Number of protein chains: 2
Amino acid sequence: MKSKITISEIAQKSGVSVSTVSRVLNNSPSVSPKKREKIQRIIDEYNYTPSVFARGMVNHTTRNIAVILPDITNPYFASLFQQVERFALQHQYATLMFNTMFVRGEQRPAEELTEADYYKIALEKQVDGVLILGGSMDKEDIPDEFLKALNQMHRQVPVVIVGSRVDGCDCLFVERNLKQGVTAIVHHFVALNHERIGFIGGEPGIRVTSARVEAFQQALSALGKRVDPRHVVLSDYYAQDGYSAMNQLLDMAGDADSNSQLPTAVVAINDMVALGAIRAMKDRGLQCPEHMAIASCDQFPSGEYSVPRLTSLDQHNEYLGRMAVLQLISAINGSEEEISINHTPELMIRESCGA
Amino acid sequence: MKSKITISEIAQKSGVSVSTVSRVLNNSPSVSPKKREKIQRIIDEYNYTPSVFARGMVNHTTRNIAVILPDITNPYFASLFQQVERFALQHQYATLMFNTMFVRGEQRPAEELTEADYYKIALEKQVDGVLILGGSMDKEDIPDEFLKALNQMHRQVPVVIVGSRVDGCDCLFVERNLKQGVTAIVHHFVALNHERIGFIGGEPGIRVTSARVEAFQQALSALGKRVDPRHVVLSDYYAQDGYSAMNQLLDMAGDADSNSQLPTAVVAINDMVALGAIRAMKDRGLQCPEHMAIASCDQFPSGEYSVPRLTSLDQHNEYLGRMAVLQLISAINGSEEEISINHTPELMIRESCGA
DNA sequence: TTGTAGGCGTTATCAC
DNA sequence: GTGATAACGCCTACAA
């Protein structure tokens, strides 16, 4: 690492004091135009950039934010994160990303870091703010100690959580409208004359999932239909989980008394689950949507190129990511208020729903 | 941001000097056990962590690395990056991620940052090392000025590039074996008695693509077969590109004289392209693998749950990511030598190849 | 083994 | 409008 040029060297070469150089660096108005111009020339010539360390020492900021999420390999997080990184950079913030890998428990890193450990690491990195996407934050029962860690972190730096609000958590929230989209799917299915509708995928005990299941049941009972509890099969968020959930559903057909009771349509928690489910159907010689219609709650890229093309919800992740960053930055700048967002998932009707 | 406790306060509370505290912080041996223990207790009690700024001021390191890649939304980069982040953290390095979004030109961020701008930003962030995955680095003709930026960056901090070596670039490289996997696919197809084999997807002028196309042609001609140039349709790396490439291929069937000349098997640059191609076939009433077999060069998660299940190459990205980080860290620690890696893609035979 | 003191590169607060 | 100078929190000779 070549030792960098310092502000005092720039000052010398420009024949001024460090304070004056510092002034042009932070474009303070009180510098004479000619000096300013000369100094700037020298700065450019030597390709000087101020030391982040020295700067940090005095104003205690890094211009870095931390983003903590479970699994960047999951398209939902990837698309959200992409926007976050981009908009943060537009505001001169770089993004430190932490992948907690708390997916299905089994994938935990060897050292057994807990999510709270990640909070601690982020704090040690002296980031100016923390953005949390999903993860344990979204559990139905958040351990007190976890909540405490969160609140404590928020006392040090602003913390924005993309997810459902938690009682007793002081962090800022950017909430998705979890129910509206599901309701739209249900209405769509009912309009298509489906009588028995199921729900597959999503981890039980996680609020993204339970909120959607609840919306699913509410929408149905509002229409005077009831849900067969056997038609709700939760598992997790990946293709293999859609595969296993659909298999469990189809296994019911073996029982004589439930033979004719299979759902004719199912709501999948996301596109990957939908794909896995379609795979499971195919393995039993069943076609989607002919034998069973499917619509998913979370559109992933290229879902429109699958066979069949997936009907799903566009959650407008670009918008969400942008809003989350805006919220974080405004909090970093001292604002207390929560930005209210207008998040409306959009039903993209394609083939898998049979419309 | 609550003002943090400092080393001198810890020193006071422990009844020792700052140097002694500093010694236990950096576990220098010369501290008496009892003092060490007491100091450590106070450190823990007050949850003290040294200021990264002050530390950086003296040893000029951040314990941060930068990862620069084009598009985290692309599963290839996501899986690579996931491993990178994880292994870096195991070595106490946090990861600053930059998503250049240089995908298809059109997606460039509004401010029109070039990749060289990202290098500059990474440098300004004073990272200890830079990891570059794909991007302009992989172009066939790298502009001189770009190469210069790269070399200049490497003079400041170690730069590791995951990709094909570039003449005149001093950075460290972690190279994938681009050809071996393609050859395996070709051999597999030939063993399946395919006479006319095509290649779809991948951006022309990009070396991942051209190296594979070349390997494809070499493998074929080594077997005494020749490639119809019309059967090589390059486009890009996404589903829509597989879709358009396959359509272009199928359009040939319209020409009377080339009617029977369609390939009976194609190699796709990756799973997404393969999926798009299968979609295009379906739209014309064609089945994969019955009408045309497909195998891809880059396996993505859940490719085994698609219809048909995709035959593709497992590039062992976990291994690659780990090696890249190891290379970077060893360079940060002053090692000059390149780690030699043993990268061997593995053919995963599933359904789309028709085996 | 322990403590003292100088310096790392900025910004901010003063004088001028 | 400009220039000294004192922090900022840590590490590392150097002294003891």
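Each chain gets a letter, A, B and so on, in the order its sequence line appears, and its residues count up from 1. Side chains are part of it too, since the values below use all heavy atoms of this structure and drop only hydrogens, waters and symmetry mates. Note that this is a predicted model, so its numbers are computed, not measured.
We find that CZ of Arg55(A) is positioned 11 Å from C1' of dG9(C), with the value rounded to whole Å. Atoms CE (Met57(B)) and C1' (dC8(C)) sit 4 Å apart, rounded to a whole Å. Nucleotide dG9(C) holds its C1' atom 11 Å from the CG atom of Leu25(A), rounded to whole Å. The distance between atom CD1 of Ile7(A) and atom P of dC8(C), rounded to the nearest whole Å, is 14 Å. Put simply, CD on Glu124(B) is 12 Å from P on dT10(C), counting in whole angstrom units. Here dC8(C) presents its P atom at 16 Å from CD of Gln126(B), a figure rounded to the nearest Å.
Residue pairs meeting the side chain to side chain donor-acceptor pair (under 3.5 Å) criterion with at least one member in residues 317-329 of chain A, sequence neighbours excluded: Ser79(A)-Asn317(A). Judged as a salt bridge (charged side-chain N to carboxylate O under 4.0 Å, His left out), the pairs with a partner in residues 326-343 of chain B (not counting sequence neighbours) are, in order, Arg165(B)-Glu338(B). Pairs engaging residues 10-20 of chain A under the side chain to side chain donor-acceptor pair (under 3.5 Å) rule: Ser17(A)-Ser19(A), Ser17(A)-Thr20(A) [sequence neighbours left out].
Thr49(B) and Glu124(A) form no side-chain donor-acceptor contact under 3.5 Å, judged by distance and modelled atom types alone.
Using a distance-only test at 3.5 Å, with no hydrogens or angles considered, a donor-acceptor pair links the side chain of Asp128(A) to the main chain of Arg63(A). For Asn333(B) (side chain) and Ser330(B) (main-chain N/O), no donor-acceptor pair under 3.5 Å exists by modelled atom type. Looking only at distances, a side-chain donor or acceptor of Thr114(B) sits under 3.5 Å from a matching main-chain atom of Ala116(B).
In this view, Met57(B) and Phe53(A), Ala54(A), Met57(A) satisfy the side chain to side chain contact (heavy atoms under 4.5 Å, CB included) rule, not counting sequence neighbours. Every salt bridge (Lys or Arg N to Asp or Glu O under 4.0 Å) that Arg176(B) has, sequence neighbours left out, goes to Asp298(B). Listed by chain and residue number, nothing satisfies the ring pair (Phe, Tyr, Trp, His ring centres under 6.0 Å) test with Phe77(A) (two or more places apart in sequence, or in another chain).
Residues of residues 30-53 of chain A having a heavy atom closer than 4.0 Å to DNA chain D, listed by number: Ser30(A), Val31(A), Ser32(A), Lys35(A). Heavy-atom distances under 4.0 Å link DNA chain C to Val16(B), Ser17(B), Ser19(B), Thr20(B) of residues 15-22 of chain B, given in residue order.
Counting heavy atoms from C-beta on, the side chains of Leu80(B) and Leu69(B) never come closer than 4.5 Å. Here the side chains of Ile161(B) and Leu150(B) are in contact, with some heavy-atom distance below 4.5 Å. Taking the side chain as every heavy atom from C-beta outward, Lys4(A) and Ser51(A) never approach each other to under 4.5 Å.
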Got a list of side-chain donor-acceptor pairs under 3.5 Å for residues 34-44 of chain A, not counting sequence neighbours?
residue, atom, partner, partner atom, Å
Arg36(A), NH2, Ser28(A), O, 2.7
Gln40(A), NE2, Asp44(A), OD1, 3.1

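In the helix from dT1(C)-dA16(D) to dC16(C)-dG1(D), the end axes, each obtained as the rotation axis mapping the C1' atoms of four pairs onto the next four within a five-pair block, lie 40° apart to the nearest 10 degrees.
Close approach of DNA chain D to chain A, defined as any atom under 4.0 Å from a non-hydrogen atom of the protein, starts and stops at dG1(D) to dG9(D).
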I'd like a table of atom pairs between the protein and nucleotides 14-16 of chain C - only N or O on both sides, under 3.5 Å - with the distance next to each one.
none

